[in-house]
Protein chains: 2
Amino acid sequence: MVFAENQYQEGTRDTAWVFPGTALDGFSSGLESLFSQHVLRLPNNCTLLIEGDECRAVYYVRAGWLALSKALEGGQNQIIDFALPGDIVDPSGADGVTASVTVEALTDGALAAMPYRSWETMTGERPALHHLAHRMESAMHARRAERMLRVGRGAAEMRLAYALVEFCIRISPDSDGRNCEFHIPLTQQQLGDYVGLSSVHVCRTLRRMARNGILEMRDHMDIRVLDPRSLACLAGVDVEALKRAIMPQGA
Amino acid sequence: MVFAENQYQEGTRDTAWVFPGTALDGFSSGLESLFSQHVLRLPNNCTLLIEGDECRAVYYVRAGWLALSKALEGGQNQIIDFALPGDIVDPSGADGVTASVTVEALTDGALAAMPYRSWETMTGERPALHHLAHRMESAMHARRAERMLRVGRGAAEMRLAYALVEFCIRISPDSDGRNCEFHIPLTQQQLGDYVGLSSVHVCRTLRRMARNGILEMRDHMDIRVLDPRSLACLAGVDVEALKRAIMPQGA
DNA sequence: CGTCTCATTGATCCGCCTCAATAGCTGTGG
DNA sequence: CCACAGCTATTGAGGCGGATCAATGAGACG
């Protein structure tokens with residue numbers, strides 16, 4: 001029943017260790033309330049070192065943006081995915097004791113951890129939850145596959161346009177696409193890490209889109225899409241179809 | 001209880017429709033035997049059109065290589081992942097009725113389908129199976145993340161070297177890495193589709209590696225790794241760690 | 001023997017990376 | 001209040017990696 005608060009260790013820099021505890025008991029419906037216990041708060045910019053038993057857990061994002069990333073020796077970084085509030089993160093690799101990604105908080109946020117055993121039990125006992133989890137898993141796969149397609153095969157403009165459409169959908173899924181305006185808590189460097197571009201080229205490409213009247217940008221990634229249709233076209237995306245493919249609650 | 005054989009339709013070209021049936025009953029231990037019923041044989045080069053109820057199923061690869069891919073309107077193709085014998089494919093998108101990838105047989109093979117409900121029940125009843133499934137899922141994530149890192153951030157040489165190391169591990173997981181020799185049923189075009197390169201550049205890069213004594217190639221992708229250490233170095237990989245991360249049975 | 005697919009190699013071009021300099025913004029300390 | 005440092009965005013210049021186009025081989029197959 002032990003579950004540590006957010007514990008900092010005077011380590012390299014802004015790094016939090018997480019120690020998941022034992023099984024939860026008592027839960028009600030809805031992911032939010034299922035994960036209402038054992039919440040740990042994450043300060044902006046902190047990196048979660050998940051290893052050993054901590055990999056045998058599932059993490060629910062209650063607030064904030066997380067980046068799941070990997071890096072090469074040379075320091076080249078690639079963001080594998082973002083986790084937004086409501087998402088579930090399972091960082092375990094095949095051996096169950098090594099994380100396959102690094103988790104980093106892009107904003108202040110809150111995370112709830114649950115031992116995988118508990119999660120397994122809960123999903124096993126509640127079909128509706130199991131289905132929701134499956135849908136979320138499928139959505140994540142679809143999302144990553146869409147981006148892999150564009151990172152592997154698309155030019156800079158398509159990669160960025162796609163990323164923006166994806167953000168727009170994930171942030172305001174119910175938006176009709178008319179006045180799509182949102183904030184992404186990312187530097188251009190991080191955006192580049194997401195789509196496989198240098199920050200310089202991200203800047204140039206976004207500027208060009210702005211110049212072409214597709215979007216407007218204000219201080220630090222406040223983005224307003226002026227021409228959603230053109231953006232979707234650049235992204236090579238049918239927005240409604242994409243919504244169905246990558247949003248668990250859609251349809 | 002109906003389950004159609006491999007049904008061809010004189011359509012566009014080499015395309016098979018699959019109709020998964022109802023729940024399986026009676027199974028023993030081991031994935032192979034769990035999926036012993038409702039097997040359908042796939043001829044080389046055929047494309048599975050999975051949609052509607054067919055998405056509410058899980059597919060077990062009994063034999064052959066499958067490619068899961070996506071394409072842009074322009075015809076640009078990206079292979080999201082390969083499925084090898086023993087792997088489980090779940091093509092469903094978030095809505096549950098649209099596939100997020102296209103499945104294509106790269107060799108003659110055999111596939112077994114199981115309605116997702118049955119799979120859910122089975123995993124729910126057998127913890128060992130549930131754990132195995134989770135490990136396989138984690139392995140797949142780790143594998144795709146590793147490649148996304150390299151497609152997004154690595155040069156051609158690294159992408160290809162990584163792909164070869166991955167193949168080597170997946171094909172002969174128990175190999176000590178000494179005499180790594182294997183066949184991949186891929187054209188250079190398909191290899192390029194896997195790592196985001198043109199077939200021409202795949203050819204050039206492989207030739208260069210061969211010239212440098214890293215590997216030997218014989219007719220149509222019979223590959224023999226002469227210098228595994230250098231290959232791993234090019235790939236930016238610790239082979240043993242990678243094995244642990246992407247192979248379910250390892251450790 | 002002709003056709004088809006795939007591998008190979010050359011030549012050319014351009015998209016994106018890298019390096020570099022500047023500017024704006026934020027926070028900090030004197 | 002200003003000076004300064006640190007971070008991010010922006011813009012320019014130059015170079016290279018990989019795409020594209022094109023031509024030739026080389027098997028496989030009917």
Would you check if there is a donor-acceptor pair between the side chains of [Y] and [X] at a distance under 3.5 Å?
X: H141(B); Y: H141(A); result: yes
X: E157(A); Y: Y162(A); result: no
X: S69(A); Y: T102(A); result: no

Can you give me the N/O atom pairs linking the protein to nucleotides 8-13 of chain C at distances under 3.5 Å, or say none if there are none?
{"residue": "dT8(C)", "atom": "OP1", "partner": "R207(B)", "partner atom": "NE", "Å": "3.2"}
{"residue": "dT8(C)", "atom": "OP1", "partner": "R207(B)", "partner atom": "NH2", "Å": "2.8"}
{"residue": "dT8(C)", "atom": "OP2", "partner": "Q188(B)", "partner atom": "NE2", "Å": "2.6"}
{"residue": "dG10(C)", "atom": "N7", "partner": "R204(B)", "partner atom": "NH1", "Å": "3.3"}
{"residue": "dG10(C)", "atom": "N7", "partner": "R204(B)", "partner atom": "NH2", "Å": "3.4"}
{"residue": "dG10(C)", "atom": "O6", "partner": "R204(B)", "partner atom": "NH2", "Å": "3.2"}
{"residue": "dA11(C)", "atom": "N6", "partner": "R204(B)", "partner atom": "NH2", "Å": "2.8"}

Please give, in whole Å, the distance from [N] [atom2] to [X] [atom1]?
X: L186(B); N: dC6(C); atom1: CG; atom2: P; answer: 12 Å
X: E157(B); N: dG17(D); atom1: CD; atom2: C1'; answer: 12 Å
X: N45(B); N: dC4(C); atom1: CG; atom2: P; answer: 16 Å
X: Q76(B); N: dT20(D); atom1: CD; atom2: C1'; answer: 11 Å
X: Q78(A); N: dC17(C); atom1: CD; atom2: P; answer: 12 Å
X: R208(A); N: dC14(C); atom1: CZ; atom2: P; answer: 15 Å
X: M158(A); N: dC16(C); atom1: CE; atom2: P; answer: 11 Å
X: D219(B); N: dA28(D); atom1: CG; atom2: P; answer: 7 Å

In Å, rounded to the nearest 0.5 Å, how long is the span from [atom1] of [X] to [atom2] of [Y]?
X: L49(B); Y: E51(B); atom1: CG; atom2: CD; result: 6.5 Å
X: L226(A); Y: M209(A); atom1: CG; atom2: CE; result: 12.5 Å
X: M140(A); Y: D90(A); atom1: CE; atom2: CG; result: 8.0 Å

Exercise for the section: May I ask you to say what T187(B) touches in the nucleic acid, namely base, sugar-phosphate or nothing, with a heavy-atom cut-off under 4.0 Å? Expected result: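 Since only primed, P, OP1 and OP2 atoms lie under 4.0 Å of T187(B), the category is sugar-phosphate.
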Exercise for the section: May I ask you to say what G196(B) touches in the nucleic acid, namely base, sugar-phosphate or nothing, with a heavy-atom cut-off under 4.0 Å? Expected result: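 The residue G196(B) makes sugar-phosphate contact but no base contact.
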Problem - cation_pi(R147(A), Y194(A)) dist<6.0 Å, angle<=45 - result: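 The answer is yes; both the distance and angle limits are met.
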Problem - Listed nucleotide nearest any side-chain atom of S198(B), set dG18(D), dC6(C), dA19(D) - result: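 That would be dA19(D).
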Exercise for the section: For the pair N212(A) (side chain) and I214(A) (backbone), establish whether a donor and an acceptor sit closer than 3.5 Å, ignoring hydrogens and angles. Expected result: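 A pair under 3.5 Å: no.
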Exercise for the section: For the pair R159(B) (side chain) and V195(B) (backbone), establish whether a donor and an acceptor sit closer than 3.5 Å, ignoring hydrogens and angles. Expected result: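 Checking the backbone N and O of V195(B) against the side chain of R159(B), a donor-acceptor pair under 3.5 Å is found.
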Practice task
Starting from the first five and the last five pairs of the helix from dC1(C)-dG30(D) to dG30(C)-dC1(D), work out the angle between the resulting helix axes, to 10 degrees.
Solution key: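 It comes to 30° between the two terminal axes.
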